[in-house]
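Both ligands and their constituent atoms are indexed starting at 1 by order of listing. FYI, side chains are in, hydrogens and waters are out, and symmetry mates aren't considered; it's all heavy atoms of this structure.
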Amino acid sequence: MKTVIVTGASSGFGLDMVKLFLKDGWNVIATLRKLEQRRDQLSKELNLDDPHLKLFELDVSQKNELDSFIKNVATVDVLINNAGFGTYGALEDISEEQLRYQMEVNFFAPALLIQGLLPKLRANQGKVINISSLMGRYACPLSSVYSASKYALEGLSEGLMYELKSHGVDVVTIQPGGHRTNFTSSIIWGANSLSENSPYKTQTDGFIRMMKKLNSRKKAPKSESVAQVAFKLANARNLPRNIVVGNDAKFVAFLQSLMPKALYRKLMFVSNKKIFGA
Ligand SMILES: NC(=O)c1ccc[n+]([C@@H]2O[C@H](COP(=O)([O-])OP(=O)(O)OC[C@H]3O[C@@H](n4cnc5c(N)ncnc54)[C@H](OP(=O)(O)O)[C@@H]3O)[C@@H](O)[C@H]2O)c1
C-alpha cells in the first residue's frame, strides 16, 4: 500500500485529504502543529486508532522539526505540501520578520521537505503535489507578499517538474481559488496594516470590505473539492503542470489565456481601483 504525507492536516484542505486517502486504504502520515492539544478535536474527525494513520507534530517553519520529521519517514510515494497561510497588507506595513515568516512557511518548508525526501521519492518513483493558489498566478494589492510566496512555490515546482522527470518523480501544483476553510481566520495582517496612520488605510479598508463580502457568500466552495483533486492527481498516471480549482480561479486563468497582457493589466488596474478604492 502506498504512503502519502500531508502537511497542515489540522483543518481545511489538509484534513479533507487525510480523510480521503485513509478511506481508500493509503498509509497516511499527517503532520500538524500542537498535536497533543488537538487530539480530542481530531478524534471527532478521524479514527486515531486507524493503523494506516500516523500523526506527526510538525511546525514547518522550524528547521529542526523538519529535519527530525524527514529522518523519521521510512517511505513515501506522494508528498503533499499543503501547510500554509496568508500574510496580507501593503508591503510598507509588513515587518521584515513577517515577510520572512511568510516565505519560511509557504516556500522554504516545501522546498526543504522535497529536498530531504527526494531520495525516498526517487526510490518509489513518487509524486510531489504542492498546494499553491490562484494567488500563485495572479497578484493584487495587499496580497503581494502572499502572492510572492506562492509564485516562488510555482517557480520551484515548474523547474522541478523538468529536473525530476528523468528521475521518475512528478511535480504538480494545485491552484485553488477561494474555498471555505480556516484560511481567512488565520490571515496575519501586516504589523502596521490596521493602524489609523497607515498610508494604505483606504486600500486596507476596501480589502477588508471585499473579504467580508466574499466570506458571507453562501456559494463559496467547500474544501473537499481541492482534496478530491489532490487525490485524483496522486492516483493519476500523467500529471499536468498545474490544476486550477474553483470558478474564481478558473475565470482568472481563462482571462489570462485569452487576453493580450497589456489588456489584462488594464483590466486589473480598473478592477483593483473599484475594489480597493485606490
Ligand atoms: N482556502 C482558500 O481559499 C485557499 C485558496 C488558495 C490556496 N490555499 C492554500 O491551501 C493551503 C491549505 O489552507 P486551507 O485553506 O486549508 O486553510 P487552513 O484551514 O487554515 O489550513 C492551513 C493549514 O496549514 C497549517 N499551517 C500554517 N502554518 C503552519 C506552520 N508554520 N507549520 C505547520 N502547519 C502550518 C495550519 O495549521 P494550524 O491549524 O496549526 O494553524 C493548517 O493545518 C494553504 O497552503 C493555503 O495557502 C487556500
Side-chain angles (χ1 to χ4, degrees), residues 5-20 29-39 41-42 45-46 55-66 68-69 79-88 97-98 100-113 129-140 143 145-154 156-157 173-188 210-211 214-215 217 219-230 242-250 252-253:
I5 294 174
V6 181
T7 66
S10 64
S11 63
F13 301 154
L15 181 58
D16 284 334
M17 287 176 204
V18 172
K19 289 180 189 169
L20 215 51
I29 303 175
T31 81
L32 63 156
R33 297 191 284 191
K34 303 182 209 123
L35 174 57
E36 290 315 316
Q37 287 117 288
R38 282 170 153 164
R39 273 191 193 275
Q41 185 57 36
L42 273 177
E45 304 275 353
L46 301 167
L55 295 173
F56 203 102
E57 170 135 354
L58 174 61
D59 179 335
V60 298
S61 68
Q62 300 303 308
K63 176 74 167 78
N64 58 335
E65 292 188 25
L66 285 173
S68 86
F69 172 69
L79 166 64
I80 306 184
N81 281 307
N82 166 72
F85 76 99
T87 301
Y88 280 73
E97 193 186 346
Q98 290 181 312
R100 290 185 188 280
Y101 185 60
Q102 177 73 101
M103 295 306 288
E104 208 60 70
V105 173
N106 289 9
F107 173 70
F108 284 107
L112 290 168
L113 276 172
I129 301 175
N130 288 328
I131 307 304
S132 172
S133 171
L134 160 64
M135 307 308 282
R137 64 181 302 138
Y138 151 92
C140 69
S143 53
V145 169
Y146 176 58
S147 269
S149 70
K150 294 296 189 181
Y151 272 67
L153 187 62
E154 286 290 341
L156 178 78
S157 308
T173 65
I174 300 180
Q175 300 174 333
H179 283 74
R180 261 181 280 169
T181 65
N182 290 346
F183 182 83
T184 317
S185 55
S186 307
I187 283 175
I188 296 184
M210 179 195 69
M211 296 278 269
L214 286 178
N215 287 341
R217 275 189 313 175
K219 280 199 225 145
K222 291 186 187 160
S223 50
E224 288 94 329
S225 47
V226 173
Q228 277 156 5
V229 170
N242 54 42
I243 291 242
V244 178
V245 189
N247 289 340
D248 51 354
K250 282 183 184 157
V252 172

May I ask you to check if ligand 1 and [X] share an N or O to N or O distance below 3.5 Å?
X	answer
S133	no
V60	yes
G8	yes
N182	yes

**For E224, side chain to side chain donor-acceptor pair (under 3.5 Å) partners two or more places apart** = none
**All side chain to side chain donor-acceptor pair (under 3.5 Å) counterparts of E154, not counting sequence neighbours** = S132, T173, Q175, R241
Which protein non-hydrogen atom lies closest to [atom], naming both residue and atom, and how far is it?
atom	value
atom 31 (N) of ligand 1	D59 OD1, 3.0 Å
atom 11 (C) of ligand 1	N82 O, 3.1 Å
atom 24 (O) of ligand 1	G84 N, 3.2 Å
atom 6 (C) of ligand 1	P176 O, 3.2 Å
atom 43 (O) of ligand 1	S10 OG, 2.7 Å
atom 48 (C) of ligand 1	F13 CE1, 3.4 Å
atom 7 (C) of ligand 1	S132 O, 3.2 Å
atom 5 (C) of ligand 1	G177 O, 3.2 Å

So for [X], does at least one of its heavy atoms come nearer than 4.0 angstrom to any atom of ligand 1?
X	answer
S223	no
L58	yes
R180	no

**Request:** Would you indicate which of V245, T181, V105 comes nearest to atom 15 (O) of ligand 1 when only heavy atoms are counted?
**Result:**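 Heavy atom nearest to atom 15 (O) of ligand 1 belongs to T181.
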**Prompt:** Between G14, S186, S11, which one has a non-hydrogen atom sitting closest to atom 18 (P) of ligand 1?
**Reply:** S11
**Message:** Tell me whether T184 contacts the main-chain N or O of T181 through its side chain, where contact means a donor paired with an acceptor under 3.5 Å.
**Reply:**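 Here the side-chain-to-backbone pair does not exist.
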**Request:** Please confirm whether the backbone N or O of L153 pairs with a side-chain atom of N130, one donor and one acceptor, at under 3.5 Å?
**Result:** no
Provide the number and element of each atom of ligand 1 under 4.0 Å from a heavy atom of [X].
X	value
G178	3 (O)
R38	38 (P), 39 (O), 40 (O)
G12	16 (O), 19 (O)
Y101	31 (N)

**Request:** Apply side-chain contact (heavy atoms from CB on, under 4.5 Å) to the pair S147 and Y138, showing each step before the final yes or no.
**Result:** CA-CA 7 Å; S147 269; Y138 151 92; 6.0 Å; no
**Request:** Step by step, work out the side-chain contact (heavy atoms from CB on, under 4.5 Å) result for F69 and V60.
**Result:** CA-CA 10 Å; F69 172 69; V60 298; over 6 Å; no
**Request:** Inspect the contact between E45 and K19 and indicate whether a charged nitrogen and a carboxylate oxygen are less than 4.0 angstrom apart.
**Result:** yes
**Prompt:** Does a salt bridge link E36 with R39, judged by any charged N lying under 4.0 Å from a carboxylate O?
**Reply:** yes
**Request:** With L32 as reference, evaluate L55, L15, L58, V18 under the side-chain contact (heavy atoms from CB on, under 4.5 Å) test and give the passing residue.
**Result:**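 That would be L55.
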**Asked** What do we get for Q175 next to ligand 1 when only non-hydrogen atoms under 4.0 Å count, side chain, backbone, both or neither?
**Response**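 It is neither; nothing of Q175 touches ligand 1.
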**Asked** Can you check whether F85 and F183 have ring centres sitting under 6.0 Å from each other?
**Response** no
**Request:** Before giving the answer on side-chain contact (heavy atoms from CB on, under 4.5 Å), spell out for I131 and F13 the whole-Å C-alpha distance, their side-chain angles and the decisive distance to 0.1 Å.
**Result:** CA-CA 9 Å; I131 307 304; F13 301 154; 4.2 Å; yes
**Distance in Å, I29 CD1 paired with T7 OG1, rounded so as to fall on 0.5 Å steps** =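 Those atoms lie 12.0 Å apart.
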**Request:** Give the minimum heavy-atom separation between A230 and I129, together with the two atoms involved.
**Result:**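 What the structure gives for the nearest pair is O-CD1, 3.6 Å.
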